[in-house]
Q: 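Take this structure, written in structure tokens, and hold onto it; I'll ask about it next.
Just so you know, these numbers use all the heavy atoms, side chains as well, and skip hydrogens, waters and symmetry mates.
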Amino acid sequence: MRVFFALIFLLVNFLSIFSIESFESAGMVVFENPSDLSNSLVYFVMILAFTALLIFLSKKKFELLPAMIYVLTFLAIFYALLPYLGLLALPISFAIMILLIKKPHWVVVNFSAFLLSVGIATMFGISLAPLPAIVLLVILAVYDAVSVYKTKHMISLAESVSRVNAPMLFVIPWRGEKMMIGVGDIVIPAILAVSAQKFLDAPVVAFVKIPALFTILGGTFGLLFLIYLVEKKRGAHAGLPFINSGAILGFLISQLWKA
């Protein structure tokens with residue numbers, strides 16, 4: 001399990017960094033002023049609104065939840081593939097959505113979640129400078145902890161999403177049960193890595209700048225600690241407090257080292 005989730009985390013981060021130029025060329029930038037700290041609050045409000053809608057549909061009109069998720073999945077995958085495939089992304093995204101509906105094997109779900117993760121991480125990473133990105137990571141880490149350990153609404157939401165095989169979770173069968181990690185746990189720290197790659201001048205290792213690399217390594221250690229905690233103490237755990245903390249710490253170490 002550790003290797004599987006760590007590999008996904010690393011692949012999403014590195015492919016998102018590799019995708020920066022393609023997404024910029026396609027004009028897929030979310031915020032006009034990437035240094036504006038209010039962008040972090042806008043993103044957070046968007047997440048709150050989306051979460052509230054999902055919770056409402058899961059409790060009141062469950063039949064609408066799968067339809068909405070599949071439509072959003074189609075759009076997200078389309079935009080993730082558009083910089084690479086052009087209009088060919090349209091039939092491919094549609095085919096993936098049909099597979100999710102008709103043959104929701106965990107491999108299909110994970111592949112769809114992977115495409116979503118790369119697209120979202122790249123778009124928001126090139127739209128947020130490092131400081132707003134760090135602010136976003138801190139806000140979402142606190143929110144994740146509250147929503148899992150206090151209000152627990154994120155747990156019920158994850159259960160609802162998993163029942164419709166939506167690609168908002170990475171899933172792996174493990175010893176007779178399903179082990180899951182949210183797409184957000186992969187995407188959010190990757191935003192900081194992409195931001196560091198995009199906006200900072202720094203030495204490069206292969207094609208990755210040192211601050212981005214340290215951010216990825218820090219996030220990976222945070223993820224591995226989270227997995228260790230899950231293995232020792234079963235049950236739902238908030239991922240972002242651990243992974244985001246590792247990513248931010250890695251980023252800060254790279255800045256201190258540079259100084």
Q: Applying ring-ring contact (aromatic ring centres under 6.0 Å, His included) between Phe44 and each of Tyr143, Phe50, Phe124, report the one that passes.
A: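 Answer after filtering Tyr143, Phe50, Phe124: Tyr143.
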Q: Given the rule that I, L, V, M, F, W and Y join up when any side-chain heavy atoms are under 4.5 Å apart, are Leu249 and Ile191 in one cluster?
A: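 Yes: a chain of side-chain contacts under 4.5 Å links Leu249 to Ile191.
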Q: Is it the case that atom CZ in Phe74 sees more than 12 heavy atoms from other parts of the structure closer than 6.0 Å?
A: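 Counting neighbours around CZ of Phe74, more than 12 heavy atoms of other residues, nucleotides or ligands fall under 6.0 Å, so yes.
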Q: Does any non-hydrogen side-chain atom of Leu223 lie less than 4.5 Å from one of Phe242?
A: no
Q: Is atom OH of Tyr149 surrounded by more than 12 heavy atoms (other residues, nucleotides or ligands) closer than 6.0 Å?
A: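 Yes, because the 6.0 Å sphere around OH of Tyr149 holds more than 12 heavy atoms from other groups.
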Q: Would you mind reporting whether Leu131 and Leu37 have side-chain heavy atoms less than 4.5 Å apart?
A: yes
Q: Compare all side-chain heavy atoms of Val29 with those of Phe23 and state whether any distance is below 4.5 angstrom.
A: no
Q: Which atoms form the tightest heavy-atom contact between Leu116 and Ala76, and what is the distance?
A: CD2-CB, 2.8 Å
Q: Filter on side chain to side chain donor-acceptor pair (under 3.5 Å), then keep only pairs touching residues 121-141, sequence neighbours left out; what's left?
A: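 Sorted result for residues 121-141: empty, none.
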Q: Can you tell me if Asp144 uses its side chain to pair, donor with acceptor, with the backbone of Leu140 under 3.5 Å?
A: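 Side chain of Asp144 to backbone of Leu140: no pair is present.
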Q: Would you indicate whether the side-chain heavy atoms of Ile17 and Ile216 approach each other to under 4.5 Å?
A: yes
Q: Please check if the number of heavy atoms outside Phe221 that lie under 6.0 Å from its CZ is greater than 12.
A: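 No, because the 6.0 Å sphere around CZ of Phe221 holds 12 heavy atoms or fewer from other groups.
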Q: Check Leu169 against Gly182 and note the closest heavy-atom contact, atom names and distance.
A: CD2-CA, 3.7 Å
Q: Following the transitive rule for hydrophobic clusters with a side-chain heavy-atom cut-off under 4.5 Å over Ile, Leu, Val, Met, Phe, Trp and Tyr, establish whether Leu10 and Leu217 coincide in one cluster.
A: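 Result: yes, single cluster for both.
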Q: Work out which heavy atom in Ala6 is nearest to a heavy atom in Leu224; give both atom names and the distance.
A: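 Taking every non-hydrogen atom into account, CB-CD2, 4.2 Å.
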Q: Among residues two or more places apart or on two chains, list those pairs meeting side chain to side chain donor-acceptor pair (under 3.5 Å) that have a residue in residues 13-31.
A: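 Listed once each, the pairs are Ser19-Tyr84, Glu24-Lys198.
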Q: Any side-chain heavy-atom pair from Asp185 and Phe170 closer than 4.5 angstrom?
A: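 The answer is no, as the side chains (C-beta and beyond) never meet within the 4.5 Å cut-off.
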